[in-house]
Every structure is written in structure tokens, then in C-alpha cells.
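Everything numeric in this text was worked out from a predicted model, so none of it was measured.
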Protein chains: 2
Amino acid sequence: MNKITINGAGLAGSLLAIYLAKKGMAVEVYERRPDMRINDIGGGRSINLALSVRGIQALKEVGLYDEIKKICIPMYGRMIHSIEGETTFLRYGKDDTEYINSVSRAELNMKLMDMAEKFPNVKFYFNKRCTRINFDSGEVFYHNEELSENEFIIPDVLIATDGAASPVRIEMLKLPRFNFSQEYENYGYKELNIPPGENGTHLLDKNCLHIWPRGSYMLIALPNMDGSFTCTLFLAYDESLGGKNSFQYVNTPERLKIFFEENFKDVLHIMPDLENDYFKNPTGSLITIKCYPWVYKSIALLGDSAHAIVPFFGQGMNAAFEDCVYLNSYIEKYGDDWTKILDEYQKDRKSNADAIADLAQENFVEMRDLVATEKFRFKKKIETELYKKFPLRFIPKYSMVTFMRIPYKTALQRGKIQENILDKLSENISELENVNWELAENLILKELNEL
Amino acid sequence: MNKITINGAGLAGSLLAIYLAKKGMAVEVYERRPDMRINDIGGGRSINLALSVRGIQALKEVGLYDEIKKICIPMYGRMIHSIEGETTFLRYGKDDTEYINSVSRAELNMKLMDMAEKFPNVKFYFNKRCTRINFDSGEVFYHNEELSENEFIIPDVLIATDGAASPVRIEMLKLPRFNFSQEYENYGYKELNIPPGENGTHLLDKNCLHIWPRGSYMLIALPNMDGSFTCTLFLAYDESLGGKNSFQYVNTPERLKIFFEENFKDVLHIMPDLENDYFKNPTGSLITIKCYPWVYKSIALLGDSAHAIVPFFGQGMNAAFEDCVYLNSYIEKYGDDWTKILDEYQKDRKSNADAIADLAQENFVEMRDLVATEKFRFKKKIETELYKKFPLRFIPKYSMVTFMRIPYKTALQRGKIQENILDKLSENISELENVNWELAENLILKELNEL
């Protein structure tokens with residue numbers, strides 16, 4: 001029986017523990033922080049995520065989805081808030097059967113930990129911070145944060161699910177020929193809050209992802225189970241880039257008030273804690289991390305540690321969960337030959353991780369800027385028509401990524417081809433009746449095979 | 001008077017010390033290694049570099065070129081060696097006034113150190129290894145390798161010329177929003193040697209850069225003053241990429257002999273130390289490093305520490321020397337306002353460093369593969385004709401990079417346009433007389449302004 005060590009008890013680590021436990025492996029999960037089920041370590045902030053088909057499938061394969069579904073709120077589309085306060089609903093899928101799910105990161109994480117701990121062959125160790133790896137001897141060193149003691153283990157297999165700042169990956173920088181990049185956006189984010197209304201009602205439509213697109217910046221809001229919304233303001237750090245629309249400039253309560261009055265007037269009155277949230281919460285940074293190889297001997301990276309991405313396609317967690325699905329499929333294929341398992345895992349997942357990283361960066365521009373334009377909405381209409389006419393060939397990029405499980409790299413490639421077709425078809429016109437459908441058919445049959 | 005600390009007494013650090021000394025600044029140069037003028041630290045290996053116009057200009061501006069010229073060997077073009085041993089000379093420039101210079105890295109470095117030390121306001125400290133930086137306090141920590149003691153300094157300005165593995169840049173990874181990438185080629189290199197003939201004669205034409213292009217790999221040779229040539233074999237690391245043409249496969253004296261007999265038969269007989277060199281010398285790796293910002297407060301990166309590139313355009317040292325020229329021009333512009341000096345320096349140089357990094361990676365394919373093809377040589381002929389007809393508009397990419405000092409990013413942009421034009425003109429033909437010169441003129445006048 002294999003003994004597997006997982007570094008990091010976050011979403012990916014907790015789900016992976018369940019996958020491996022079901023295969024009968026002995027799993028030990030080491031986590032830097034205290035047990036979040038006992039200690040509130042989120043600083044009171046409630047981050048939520050968008051769970052979609054790839055993540056759902058990963059939960060279904062180990063029988064967890066029914067339980068997780070209870071803490072999910074369906075979001076059927078984007079609700080676009082104009083500067084005048086008008087709203088426009090842009091559906092995500094073809095109908096109400098296609099939606100994404102707002103779920104609290106902390107709640108989901110705790111549920112996954114509870115579920116993992118029900119397996120007798122899973123053990124969690126908290127307050128253990130990975131400090132160093134000796135790649136020759138296989139020793140993995142930990143600092144016990146409670147006892148202030150150092151210790152080490154020699155795992156059969158170590159899988160690092162320790163996030164964007166992965167200490168295991170940082171150690172890998174010492175290895176020869178380790179390719180690595182970290183790229184920050186020039187935009188940061190700030191978490192804000194819309195509290196529940198009376199009796200826990202939602203003060204905005206609860207079944208949408210709300211967006212206030214303002215060109216180079218935006219506010220978004222996702223619903224929580226308690227009637228609140230978690231809002232996130234994405235804004236340029238520096239005045240040199242964003243002018244008055246920057247964290248650097250908006251640095252007093254007066255400027256904050258003016259900024260919101262000018263940009264987000266329709267929600268300002270339901271954000272009583274705005275000033276406190278804005279000045280108390282840290283400004284988060286947005287990073288894309290790419291690296292390769294993900295595997296050295298029997299040490300592997302999975303999830304954000306291997307491929308942290310920006311949040312604009314709502315795919316970070318979904319991609320990490322999909323890593324678990326694929327890793328599991330290679331375990332089924334190769335048994336306990338971890339060399340083969342990890343080699344095929346990294347080769348297969350790397351190109352897809354690169355693709356979703358690019359898709360997520362592209363989507364920032366779509367969310368903050370394009371969704372507000374007539375051109376974008378007209379192209380969406382054409383897209384919907386083409387999807388109806390050619391349901392196996394012309395599938396909207398958003399649907400390929402969110403409602404299907406085709407490889408991310410395929411979604412990226414086909415998305416580009418489709419975007420070119422939409423650009424050609426929408427050139428110089430603004431009504432569906434003027435679209436050259438014959439040209440559309442020719443292009444689609446020529447450039448897109450059936451999926 | 002400013003007191004400037006330079007970390008790294010390599011080529012860039014030594015030249016920079018001279019630039020700053022001439023401005024009357026107090027300069028302290030800290031170097032990790034012992035003094036190379038006293039201790040032979042190169043392990044007997046003689047690396048040579050190609051000094052071209054950008055580097056020459058940097059030397060001229062501080063009056064050093066006449067002295068350095070004495071240790072340079074002009075190379076007027078590439079001598080291509082076919083697998084059958086036939087040679088073809090491909091000129092680099094328009095005539096014998098345009099050439100690059102083979103120069104020994106160690107000799108050049110020692111000469112620059114000697115010249116720097118002549119200034120009373122320059123002081124070198126050896127065996128001092130930078131271990132850590134406290135960016136808040138400005139403390140820079142050193143380990144004295146001779147005395148095994150730790151110490152720290154607080155420089156007014158610190159400029160890191162400490163190479164691709166820069167410890168200062170590694171410390172910068174701790175800073176928020178530091179963008180960084182390191183990318184290894186799947187090819188390594190091995191230094192080999194052709195010793196001098198009788199009475200120190202060169203056994204190959206000494207005024208060329210010799211290339212044995214073999215598609216996915218190559219051997220090159222540059223002349224040394226003592227009659228020898230330093231050869232470099234560029235080869236895939238792994239059998240999975242290169243098959244039998246890989247370092248992984250060529251791992252016995254028998255396989256080495258067969259590999260050279262099949263590929264480089266015309267020089268095998270003048271490489272008596274091949275086996276020893278091949279198995280004793282380390283396999284070098286090829287890395288491209290990009291990062292940004294280069295400057296934090298009054299700490300800056302310069303040369304390879306900021307932008308390590310692959311060697312295939314012979315521009316690594318030239319780009320670093322050009323950094324010195326530009327930094328110097330901003331000192332002249334802003335006096336001792338180092339905030340302005342360093343800010344304009346990094347903004348100006350970053351895009352050009354990215355451009356030469358890309359150009360250098362492209363040139364690997366040209367050197368190892370394209371130069372051996374008829375198509376490439378035909379396009380070179382067209383290029384030469386167009387350069388004669390439009391000397392201010394159509395300047396060969398190699399010339400823009402090597403014989404001119406226009407910004408690298410301009411060379412990259414114009415190079416792409418020109419490559420497209422050459423592709424169009426050479427399509428389906430192989431004789432100069434069949435070129436559509438009218439089309440050429442139209443394209444050039446439309447797409448390329450006068451330089």
C-alpha cells in the first residue's frame with residue numbers, strides 16, 4: 001500500500017485526500033495553518049468561488065456533489081449594471097440547466113476536510129510548515145508552528161497542493177532546468193460586502209453574478225447563503241496607470257465616496273460597511289504562475305502550486321479539481337507505478353493549465369470592459385444563433401470552458417477560431433438580419449470539426 | 001559625491017565601475033570570487049565572446065577600445081561546414097569594414113579590472129558573497145568567504161552586475177509584485193578545443209565564426225589569440241528529444257567518436273583532446289531570464305542579472321555594455337537624482353532587453369538549421385540586393401543588431417516585417433533574376449520608413 005503525503009489542506013489537498021483514500025492509500029495531509037474548522041483564520045472575510053462542471057464532475061466521481069450542492073447558489077448569467085444603474089442580464093448557458101455555482105471557499109474547504117477525515121486511512125496534521133526539501137535524500141523538512149520544533153519526513157510520494165506561494169515549488173527553483181514564471185497584473189483587488197436584507201433576503205438578484213464593468217476596472221458581486229453578497233473591486237494599483245481610478249488615488253474616505261458615487265451609485269446605499277471594508281481589508285494581488293516540470297522523482301505539484309491563474313474565468317478551483325480527476329485516472333491506469341502516473345499527469349495537464357491561464361487573463365478584459373459594449377452583445381447574439389445551428393461545431397468559448405469538460409487547450413484554440421468568425425460576421429453591421437449566414441456556414445464547416 | 005556599490009566584478013561590473021569613476025563617484029565593487037587576475041578560476045576553460053558595435057561603442061566612450069582591440073580577432077562572416085566537409089562563407093556585413101570580434105572573456109575581464117583599478121576612487125573587494133538584502137533598512141549582507149565572517153553595508157546606490165544567477169535578483173523575489181521568469185532551453189552546451197598548429201598557427205580560417213549546422217544541433221568554433229579555437233557543441237539534453245543526437249545518448253567514448261565521425265569528420269582529426277574535454281567539462285545550460293521591475297528604491301539590476309539571454313546572437317555582453325552607456329546618459333541628464341536616473345534607465349532598457357532575448361532565441365534556429373538550407377541562402381542574396389537598393393530602409397536584421405545601435409526593439413520589429421517581405425519575394429523561385437523587384441519596392445516603401 002502506498003503512503004502518500006499531501007502538503008496543503010486547502011480545497012485541492014482535501015479533495016485529493018479523498019480520491020487517494022478511496023484507492024486504499026494511506027494519506028497524510030500536512031497543513032501550515034491551524035485547523036480552520038476550529039480557528040477562524042480567514043480574518044472574517046468571506047471569499048466565494050464559482051463551482052462549474054469540471055469541479056462538479058470531480059466531486060461527483062467521489063460521491064460528494066449531493067452534499068456540496070446544499071451550500072451552492074446557482075448563477076444563471078451575468079447581471080450587468082450600467083453607470084446609470086440600468087441592468088442587463090446576459091445568460092451564461094443555453095437555458096436554466098446551464099449555470100455556475102457561488103460557493104463559500106471556507107465552507108467548501110471545511111466540508112471537504114470533514115469528508116476526508118471520515119476515512120480511517122486519512123490523517124491531517126496542522127501547524128506544520130514545509131521549510132525545505134532535500135531532493136537527493138527525499139527528506140521534507142517541517143517546522144511545527146505550535147511547538148516551535150523542526151522535524152522531517154521521507155514520503156513515498158509527496159503531492160504539493162500548497163497554493164500559489166507553494167513552499168515546495170519554491171524549493172524546486174533550486175533544481176537544474178526548472179522553468180518558472182510569476183507575472184502580476186497591474187491591478188489589485190479589494191473585498192467588500194453587501195450585507196443581507198431583512199430576514200436574510202438578498203438585496204440584489206441572488207441568481208446572478210453581478211458586474212459593474214467600467215472599462216479598465218470593475219466591481220463584481222457573488223451571492224452568499226446568508227443573504228449577503230461578497231463584492232470584489234478590481235482596480236489599478238498605480239495612479240500612473242489608472243489615474244483617479246486607482247488604489248493609489250482612492251486613499252481617503254472622501255475619495256472613496258466620490259469614486260463609488262460616480263461609478264457604483266446603485267449599490268452604494270446597500271454597502272454600509274464600505275469605508276471600513278475598503279480601508280481595513282488588504283489589497284490582494286493577481287498573479288499567474290507557470291512552471292515546468294511539475295514533477296521531480298516522486299514529488300509533484302498540483303493545483304495552484306503548479307498553475308496559479310487570475311480569477312476571471314472562475315476556473316482556478318475547477319482546474320485544480322480536474323487535476324485530481326486526471327491524476328486519479330492515471331492511478332487507475334498504472335497502479336502503483338508512480339513514475340508513470342506522475343509523468344503522464346504532468347505531460348497531459350501542463351498544456352491545459354497554460355491554456356486556462358491565458359483564457360483567464362483574456363476574460364479580465366471581457367468582464368471589465370467588453371460586456372458593456374454594444375459590439376460585444378451583438379456578437380453574443382450571433383454566437384447564440386450559431387450555437388443553435390451548429391451545436392456540435394460552434395460552441396461558445398464560455399460554454400466549452402464552463403459547461404463542458406473538453407481540454408482547456410481545445411477550448412482556447414477553438415475559441416480563437418470562433419472569435420475570428422464572429423469578428424468577420426459582425427463587421428460593419430449591428431442587426432442579426434444582416435448577418436451573412438452563408439458565409440458563417442462556410443467558415444464553420446471549413447474551420448471547425450465536430451466535437 | 002555619490003558612493004556607489006557594484007555587486008559583481010564581471011564584464012559589466014568592471015566597465016560600469018570605469019563609467020562611474022569617470023563621473024567622480026566613489027565606487028566599491030564587491031565580488032564573490034577571488035581575484036581572477038591572481039587565481040585561475042576558469043578551470044582552464046577559455047570562453048570567448050563576440051564583441052560588436054554596441055559593446056565597442058561602450059568601450060570607446062570611456063576611451064578603452066584601443067587597448068581592448070589588441071586582444072580581438074575580427075570575424076568577417078560565418079564559415080558553414082557541410083556534413084561532407086565542404087565550406088561556404090557567408091559574410092556578416094556589407095564588406096570587410098563590418099565584422100565582429102572574437103575576444104577571450106577572461107582576458108577582457110582582467111583588462112577591464114586593471115583599467116578600473118587605475119582610478120583612485122574605485123576599490124575592489126573580493127571573496128565577498130552577497131547573501132541577503134533587507135529592503136526596508138537598505139542593509140546588504142555579505143559573507144566574507146576567506147575569513148568566514150558575515151558583514152553588512154548600507155550603500156547609497158547598489159547596482160547588481162552579478163550575472164544570470166544574481167543573488168540580488170533572487171532577493172527581489174521577496175518583493176511584492178516582482179515579475180520574473182526563467183526559461184531553459186532543452187539544449188545544453190559543451191566546450192571543446194582545437195589546439196594551435198605549429199608555431200601558433202590557426203588550423204582553420206581564423207577570421208570566421210565556424211558553424212557545423214546539423215538541423216537540431218550544431219558545433220561552432222571561435223578563434224583565440226594563441227592559435228587555438230574554442231568550440232562549443234550545442235545538443236539536446238534528452239534522448240526523448242534528440243534521439244541519438246543528445247547528451248543523454250552520447251555518453252561513452254565509442255558513441256562520441258561515432259557521433260563526431262558522422263557529423264564533424266572534417267575537424268575530428270584536429271581535436272586531439274575531444275574525449276577528455278567532452279567527459280571532463282560540465283554540460284552548460286542555456287537560460288533566458290526576464291524580470292521587472294529592475295529597480296527597487298536605490299537598488300538596480302544591470303546586464304545578465306536583469307536580462308540573461310541565450311548566446312546565439314552574440315549580444316549578451318554587448319547588451320550589458322549598452323546598459324552602461326544608457327545608464328551613463330541618464331546620469332548626465334539627472335545628475336545625482338538616482339530615483340530619476342534608475343527609473344528612466346529601467347523603463348527604457350526593459351523593452352529592448354526583451355527584444356534581444358527574443359532575437360537571440362530565434363537565432364538558434366537560424367544558426368543550427370537554416371544557414372544550411374538553399375532557401376536561407378537565396379533569401380540572404382535577395383536581402384543583400386535590397387540593402388543595396390534601399391540602404392536606409394531595408395537593413396538586414398543581423399546588421400541592425402550587430403553593426404548599428406538602433407534600439408533592439410526596433411530591430412526586432414523591422415526584422416519581422418523584412419522577413420515577411422523576403423518570404424513573399426522568394427516564394428516558389430530560386431534565382432535572383434526571377435525576383436519581382438517592383439513588388440519588393442512597393443512593399444518596402446509601404447512598410448518600412450527611413451531609419
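Note that CG of B:N179 and OG1 of A:T288 are 9.5 Å apart. Values are rounded to the nearest 0.5 Å. Between the CD atom in A:Q182 and the CD atom in B:Q182 there is a gap of 10.0 Å [rounded to 0.5 Å]. A distance of 7.0 Å separates CG of B:L173 from CG of A:L173, quoted to the nearest 0.5 Å.
When all heavy atoms of B:R177 and A:E185 are compared, the pair lying nearest together is NE-O, 4.4 Å. The minimum heavy-atom distance linking A:F180 with B:F180 is given by the pair CD2-CD2, 3.7 Å.
Counting heavy-atom neighbours within 6.0 Å of A:K297 NZ, excluding the residue itself, gives a total above 12. A 6.0 Å sphere centred on CZ of A:R32 holds no more than 12 heavy atoms belonging to other residues, nucleotides or ligands. Counting heavy-atom neighbours within 6.0 Å of A:K446 NZ, excluding the residue itself, gives a total of 12 or less. Other residues, nucleotides and ligands place more than 12 heavy atoms under 6.0 Å from the CZ atom of B:R214.
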